[in-house]
Amino acid sequence: MTAPGPAGTTRFTSEDLSRLKKFLSDNLLRALEMEGIPVAQRKDFVQKNMIHIYEQTQLKLPEDLRKQIFEQVLNDLLGFGPIQSLLDDDDVSEIMVNGPKKVFVEKNGKLVKSNITFDDDDHVLRIIDRIILPLGRRVDGDSPTVDARLPDGSRVNAVVRPVAVDGPSITIRKFRKDRLKAEDLIALDSMTKPMADFLQACVKARFNIIISGGTGSGKTTLLNVMSGYIPENERIITIEDAAELQLQQDHVMRMETKSANADGLHAVSIRELVRNSLRMRPDRIVVGEVRGGEALDMLQAMNTGHDGSLTTVHANTARDALSRIETLVLMAGMDLPLKVVRQQISSAVDLIVQQTRLKDGQRKVTAVTEVAGMEGDIIVLTDIFKFTQTGVTADGKVQGEVHATGIRPNFTPRLEAAGFKLSADVFAPKPSISPNTTRR
């Protein structure tokens, strides 16, 4: 066995180190295949044999550099390559690979460029395959985009050529290892205690709730928290594009969509899963996100006895959420008058919770809005809680506070009938705040 190339004993070029990594990886991969090592034992096998193979090269790398090379080889063989260190970093919330030489991360709500790089396009493609193959998904020139998840539930999107002009792209939205609870969101100033108490009562009282927000605003995190309020004795069915919800109840049936095979057949959409879930005796239906014709099926489920359903939708305000749902219902292919669609929405949806990512990176519940019924052709919305921005600090931090508007929701009798008599303090406004009722 020979060394991967002529390298000095004190200085090593990037080409030398790349050849060393390839030499170690090739030999270790060959050894793994020949020995048929079980998955649980591969890490110990690789670590022991890597030292032996490295010694045969007769190279004398500095100790810190040797450890770095060993870690990179281990990650390439058993982890997710160069981005494994970012996945292990709890401060990193998102990872964006824009081709092999540009990797950006989000830390504390801010985007920064990392010093992580891949060797080439093929290196990125190998990591994409390692993520999606265990899920039975594929990505290639004919199907150049794919949604997937990591074993911990982190959301992954990958795009390859010809769609990705500058090389294969990977976007990972990480899930926290420690599941957030309402107390954590209160401590992070994402919501207030009165707001959390109100939402808990609404979930337990089986209200139909839509969580609205923009991309990266924290909708799924809030959906996880609110789903935690569902009682243990209820059967919950979750439906997602890529299963990432982390419900802690015992009686949970999880379903996720299936992409088409190589012939473009046998795909299973969210709409089909929503329809199927109605035959599975659900107490609660939780849909990760409605983004198509399944919005109509979801509304019909809410209107036909499946109370307490939860879902999310992409929108920047409660008003926009209603407009988006109207559009999604029309995408179902039913030629329904707009007034009928709005009547379906107003009778099905009880509450819209608006989640927002502020300019400084904070994620905050900025409004809790009751769908108060119809007046003519108009859906009436009433803000129960509202975030008011008061300013911005010199370092760019948004200042403001969430407050009650002073309006008690029309469904208060339903809350009380379910056993939840909330204190008047929950809805008490500040003297300077006037109630706000909006219509669409």
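Since we're looking at a predicted model, the values are computed, not measured.
- Every residue meeting the side chain to side chain donor-acceptor pair (under 3.5 Å) condition with Thr215, not counting sequence neighbours, appears here in chain and number order: His314.
- Using a 4.0 Å cut-off between charged side-chain N and carboxylate O, Asp26 and Arg30 make no salt bridge.
- Side chains of Gln399 and Thr393 form a contact here, defined as non-hydrogen atoms less than 4.5 Å apart.
- Among residues two or more places apart in sequence or in another chain, the side-chain contact (heavy atoms from CB on, under 4.5 Å) test is passed with Asp89 by Asp91, Val92, Lys107.
- Taking CG of Leu17 as the reference point, atom CG of Leu61 lies at 6.5 Å (rounded to 0.5 Å).
- For the pair Asn27 (side chain) and Leu24 (backbone), a donor-acceptor distance under 3.5 Å is absent.
- For the atom pair Leu273 CG and Glu240 CD, the distance stands at 10.5 Å (nearest 0.5 Å).
- Side-chain N or O atoms of Arg42 include none that pairs as donor or acceptor with a backbone N or O of Leu78 at under 3.5 Å.
- A ring pair (Phe, Tyr, Trp, His ring centres under 6.0 Å) check over residues 92-151, counting only residues at least two apart or in different chains, returns the pairs Phe118-His123.
- Within the 4.5 Å cutoff, side-chain heavy atoms of Val274 are placed close to those of Val287.
- The closest donor-acceptor contact from the side chain of Glu234 to the backbone of Pro231 lies at 3.5 Å or more, if one exists at all.
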Could you go through Ile237 and Arg284, starting from their C-alpha distance and side-chain angles, then the distance that decides it, and tell me whether this counts as side chain to side chain contact (heavy atoms under 4.5 Å, CB included)? CA-CA 6 Å; Ile237 296 179; Arg284 306 275 188 148; over 6 Å; no
Could you go through residues 68-75 and list every donor-acceptor pair under 3.5 Å that involves a side-chain atom there, pairing it with any protein atom two or more places apart or in another chain?
from	atom 1	to	atom 2	distance (Å)
Gln72	OE1	Lys21	NZ	3.2
Asn75	ND2	Glu71	O	3.3

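- Using a 3.5 Å distance cut-off with no hydrogens or angles, the side chains of Glu289 and Thr312 do not pair a donor with an acceptor.
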Pair Val225-Lys181, side chain to side chain contact (heavy atoms under 4.5 Å, CB included): steps then yes or no: CA-CA 6 Å; Val225 170; Lys181 298 181 180 179; 5.8 Å; no
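- Here the CD1-CG distance, from Ile325 to Leu299, works out to 6.5 Å after rounding to the nearest 0.5 Å.
- Applying the 6.0 Å contact sphere to NZ of Lys101 captures more than 12 heavy atoms from other residues, nucleotides or ligands.
- Contact check for Val46 versus Asn49: no side-chain heavy atoms found under the 4.5 Å cut-off.
- Although no hydrogens or angles enter the test, the distance criterion places no donor-acceptor pair under 3.5 Å between the side chain of Arg254 and the main chain of Gln246.
- With sequence neighbours excluded, the residues forming a ring-ring contact (aromatic ring centres under 6.0 Å, His included) with Phe198 are Phe385, Phe427, listed by chain and number.
- Residues Val97 and Ser169 form no side-chain contact, since every pair of their non-hydrogen atoms from C-beta on lies 4.5 Å or further apart.
- Under the side-chain contact (heavy atoms from CB on, under 4.5 Å) criterion, Arg130 pairs with Phe80, Ile127, not counting sequence neighbours.
- Under the 4.5 Å side-chain criterion, counting only non-hydrogen atoms from C-beta, His306 is not in contact with Gln300.
- Counting only residues at least two apart or on different chains, no ring pair (Phe, Tyr, Trp, His ring centres under 6.0 Å) pair has a member in residues 236-273.
- Rounded to the nearest 0.5 Å, atoms CD1 (Ile230) and CD (Gln248) are 12.5 Å apart.
- Salt bridge status for Arg66 with Asp64: absent, with no side-chain N to carboxylate O gap under 4.0 Å.
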Evaluate the criterion side-chain hydrogen bond (donor to acceptor under 3.5 Å, both in side chains) for residue pair Arg206 and Ser309; output intermediate values, then yes/no. CA-CA 7 Å; Arg206 302 182 65 88; Ser309 298; over 6 Å; no
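- Residue Asp166 qualifies as open at atom CG: its count of foreign heavy atoms under 6.0 Å is 12 or below.
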Working note: Arg414 + Asp350, criterion salt bridge (charged side-chain N to carboxylate O under 4.0 Å, His left out); need CA distance, chi angles, decisive distance, verdict. CA-CA 11 Å; Arg414 287 176 57 193; Asp350 297 304; 3.0 Å; yes
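- Between Lys386 and Glu401 there is no salt bridge, since no side-chain nitrogen of the basic residue lies less than 4.0 Å from a carboxylate oxygen of the acidic one.
- The number of heavy-atom neighbours closer than 6.0 Å to CE of Met280, taken from other residues, nucleotides and ligands shown, is above 12.
- For Ser217, the side-chain contact (heavy atoms from CB on, under 4.5 Å) partners at least two apart in sequence or on another chain are Lys219, Gln355, Arg357.
- With rounding to the nearest 0.5 Å, the separation of CD1 in Ile379 from CD in Gln343 is 9.5 Å.
- Remark: the backbone N or O of Asn410 is paired with a side-chain donor or acceptor of Glu370 at under 3.5 angstrom.
- Here the side chains of Arg235 and Arg281 are in contact, with some heavy-atom distance below 4.5 Å.
- Among residues at least two apart or in separate chains, side chain to side chain donor-acceptor pair (under 3.5 Å) pairs with a member in residues 112-122 are Asp121-Arg161.
- Looking only at distances, a side-chain donor or acceptor of Gln354 sits under 3.5 Å from a matching main-chain atom of Asn316.
- At a threshold of 4.5 Å between non-hydrogen side-chain atoms, the residues Thr238 and Ile236 count as touching.
- Heavy-atom neighbours of Asp395 CG from other residues, nucleotides or ligands within 6.0 Å: above the threshold of 12.
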Before you tell me yes or no, could you show the steps for Arg342 and Glu326 under salt bridge (charged side-chain N to carboxylate O under 4.0 Å, His left out), namely the whole-Å CA-CA distance, both residues' side-chain angles and the distance that decides it to 0.1 Å? CA-CA 7 Å; Arg342 290 182 175 177; Glu326 289 173 8; 2.9 Å; yes
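- Side chain to side chain, Thr405 and Asp383 fail the donor-acceptor criterion of an N or O pair below 3.5 Å.
- One distance of note links CE of Met96 with OG1 of Thr171; it measures 7.0 Å at 0.5 Å rounding.
- Side chains of Leu199 and Val353 form a contact here, defined as non-hydrogen atoms less than 4.5 Å apart.
- The ring-ring contact (aromatic ring centres under 6.0 Å, His included) check on Phe387 picks up nothing, with sequence neighbours excluded.
- A search for side chain to side chain donor-acceptor pair (under 3.5 Å) contacts involving Ser277 returns nothing, not counting sequence neighbours.
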Expected list for residues 144-152: side-chain donor-acceptor pairs under 3.5 angstrom, two or more places apart:
from	atom 1	to	atom 2	distance (Å)
Asp147	OD1	Asn157	ND2	3.0
Arg149	NH1	Glu256	OE1	2.7
Arg149	NH1	Glu256	OE2	2.8
Asp152	OD1	Ser154	N	2.9
Asp152	OD1	Ser154	OG	2.9
Asp152	OD2	Ser154	OG	3.2

Can you list the steps and then say if Asp197 with Lys193 is a salt bridge (charged side-chain N to carboxylate O under 4.0 Å, His left out)? CA-CA 6 Å; Asp197 292 341; Lys193 181 67 165 59; 2.9 Å; yes
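- In the displayed structure, Lys258 atom NZ is contacted under 6.0 Å by more than 12 heavy atoms of other residues, nucleotides or ligands.
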